[in-house]
Amino acid sequence: MNTKITRENLMENFTRHFGESDVSLFTASGRTELGGNHTDHQNGQVLAAAVDLQIIAAASKVDKTIEIYSEGFGLIKMDVSDLSIRDDEKGTTAALVRGVLAGLAEQGFNVGGFKAYIVSEIPAGSGLSSSAAFEILIGRIQSGLYNDNSVSYVELAKIGQVAENEYFGKPCGLMDQLACASDSIIYIDFAYDGCPIIEEIDFDFEAHGYKLCITNTGGSHADLTDEYAAVPAEMKAVAEIFGRDKLRGISAEQLLEKSSDIRKKVGDRALLRALHFARETERAKAEAEALKEADMEEFLRLVKESGDSSYKLLQNIYASGRQSANAYKSEDQPIAVSLAVSEMVLGEDGVCRVHGGGFAGTIQAFVKIEAVDRYRKAMDKLFGNGACRVLQVGGAGSR
């Protein structure tokens, strides 16, 4: 929540927009991907956590309509009697709302109208999963107002993913939603479709001498859906050569054995991205094991490996060309610049990697506590005051 917004003036804002009413408060957290870059959509393994950036809503029941005022995005209105997919809503916040309610109804939960005033401190399009946090928030409102808080965070996450895939039109995996709904570090194995294996990990980075820094490079990946969608599409194309629809279970050795055939059929970049997945999914599991064993040195080594693989093999550091009037040109490379400067500034005092989907948005760095001020000043000088934020791993989850 914006630090200038208190619960009291949040409810005052609700009253100013919607009038007096019985109001409840709901929250969801942003998330950080600690390991497993672009692995969830291929039934891979991921290490993730909620962070202490939140989206919060004051909400109240009404009969059959939805009115949501979101600071910076204006007013959304809709009727809960129409929860069908609408092509004219693709890529909009309204699509996410409609999709979450439709998913809840399909799973047998009650859905109903509400009024809500929403404030968020999660930068849109930044790689901290503002959309997933919003989906979880809407689901949590419905769970609280109409279902006695009975919808589990795993169910909310699955419903949010469907809303984003089918209603919004973005082919994301399930990791974002699970992390936003949780309140701890979680290792997730997506080996079984629709039934993720989740293990909570208790680890305090500050107790081991490090803080997590996230730098917003000033760009949004909101206009880069085509770049993002190409990653799972190319990985799927490689999997199909092996008679599968996902890469899970195909080793790097098998990929190398068929590398000539893969290059001819689907191209070099698809092969490189598949090789990234094969190693990255195992790396995420190893990172989880390192945290469980309190081996910070090994964890940092693996984070560095992950960053190198994302840069060289996955290639989600910069966009290949202009995607829309507001998106990057190929010569715009803020992620690459931020990583290069981070390595120079940090030296032996930390490691960095691309954060989340990539192409734009944020980078992640684990920085020795004594070097945090130096690092933050360097990043703020590069991208503007407030670009670098020190976050607490393990947010408040969704409430």
Side-chain angles (χ1 to χ4, degrees), residues 1-5 29-35 37 47-55 72 119-130 133 176 179-180 185 204-222 224 296 299-300 303-304 306-308 310-311 316-319 328 332-396:
M1 184 173 60
N2 188 309
T3 54
K4 296 181 180 178
I5 298 292
S29 296
R31 72 95 181 96
T32 180
E33 169 207 284
L34 302 176
N37 197 214
L47 186 67
V51 296
D52 60 340
L53 293 178
Q54 290 190 312
I55 179 170
V119 180
S120 177
E121 66 177 6
I122 308 169
S126 67
L128 291 162
S129 290
S130 58
D176 292 349
C180 287
I185 299 173
D204 185 341
F205 285 100
E206 291 191 30
H208 288 79
Y210 285 81
K211 289 190 176 183
L212 171 66
C213 297
I214 299 291
T215 298
N216 188 343
T217 66
S220 169
H221 58 224
L224 296 171
M296 191 67 186
F299 174 78
L300 293 174
V303 170
K304 178 68 167 61
S306 174
D308 289 345
S310 291
Y311 209 141
N316 65 335
I317 304 303
Y318 41 82
Y328 291 115
D332 295 328
Q333 299 182 15
I335 297 290
V337 168
S338 62
L339 291 172
V341 173
S342 291
E343 289 188 347
M344 292 178 184
V345 171
L346 288 173
E348 298 298 316
D349 291 332
V351 298
C352 61
R353 68 194 279 273
V354 67
H355 184 248
F359 302 111
T362 56
I363 68 162
Q364 173 190 84
F366 291 94
V367 182
K368 285 183 179 178
I369 291 173
E370 58 268 26
V372 167
D373 285 344
R374 181 180 84 242
Y375 178 70
R376 181 162 49 187
K377 287 177 182 177
M379 292 295 100
D380 283 357
K381 183 177 181 180
L382 187 61
F383 295 108
N385 289 337
C388 181
R389 298 192 65 163
V390 181
L391 300 183
Q392 179 179 335
V393 178

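Note that these values count all heavy atoms, side chains included, but never hydrogens, waters or copies made by symmetry. Every value quoted in this text rests on a predicted model; they were computed, and no experiment measured them.
- N37 places a side-chain N or O within donor-acceptor distance of the main-chain N or O of G356, the cut-off being under 3.5 Å.
- In this structure, NZ in K368 is found 15.5 Å from NZ in K211, a value given to the nearest 0.5 Å.
- Remark: Q333 CD to I317 CD1 distance equals 10.0 Å, nearest 0.5 Å.
- Note that OG1 of T32 is 10.5 Å distant from CG of D176, once rounded to the nearest 0.5 Å.
- Under the salt bridge (Lys or Arg N to Asp or Glu O under 4.0 Å) criterion, D308 pairs with K304, not counting sequence neighbours.
- Panel note: side chain T362, backbone N216; no donor-acceptor pair is recorded below 3.5 Å.
- Residue Y311 comes nearest to A336 through the heavy atom pair OH-CB, 3.2 Å, listed as atom of the first residue, atom of the second, then distance.
- Listed here is the closest heavy atom pair of Y210 and G350: CE2-CA, 4.5 Å.
- Under the rule for a salt bridge (Lys or Arg N to Asp or Glu O under 4.0 Å), the partners of D373 that lie at least two apart in sequence or sit in another chain are R376.
- Here the closest heavy-atom approach between residue N316 and residue G357 is recorded as ND2-O, 3.0 Å.
- The environment of CD in E370 is crowded: more than 12 heavy-atom neighbours from other residues, nucleotides or ligands sit within 6.0 Å.
- The stretch residues 350-359 participates, sequence neighbours left out, in these salt bridge (charged side-chain N to carboxylate O under 4.0 Å, His left out) pairs: E33-R353, E280-R353.
- You'll find the ring centres of F299 and F205 inside the 6.0 Å limit.
- In this structure, CG in L212 is found 7.0 Å from CG in L34, a value given to the nearest 0.5 Å.
- Exactly one residue among D380, T215, D349 makes a side chain to side chain contact (heavy atoms under 4.5 Å, CB included) with Y375. That residue is T215.
- The shortest heavy-atom contact between L339 and V354 is CD2-N, 4.0 Å.
- Within the model, atoms OG of S29 and CD of E121 stand 9.0 Å from one another, a figure rounded to the nearest 0.5 Å.
- Checking side-chain atoms of S338 against main-chain N and O of I335 turns up a donor-acceptor pair under 3.5 Å.
- Between the CZ atom of F366 and the SG atom of C213 there is a distance of 9.5 Å, given to the nearest 0.5 Å.
- At a threshold of 4.5 Å between non-hydrogen side-chain atoms, the residues V351 and L346 do not count as touching.
- Across all their heavy atoms, C352 and S342 have their closest contact at SG-CB, 3.7 Å.
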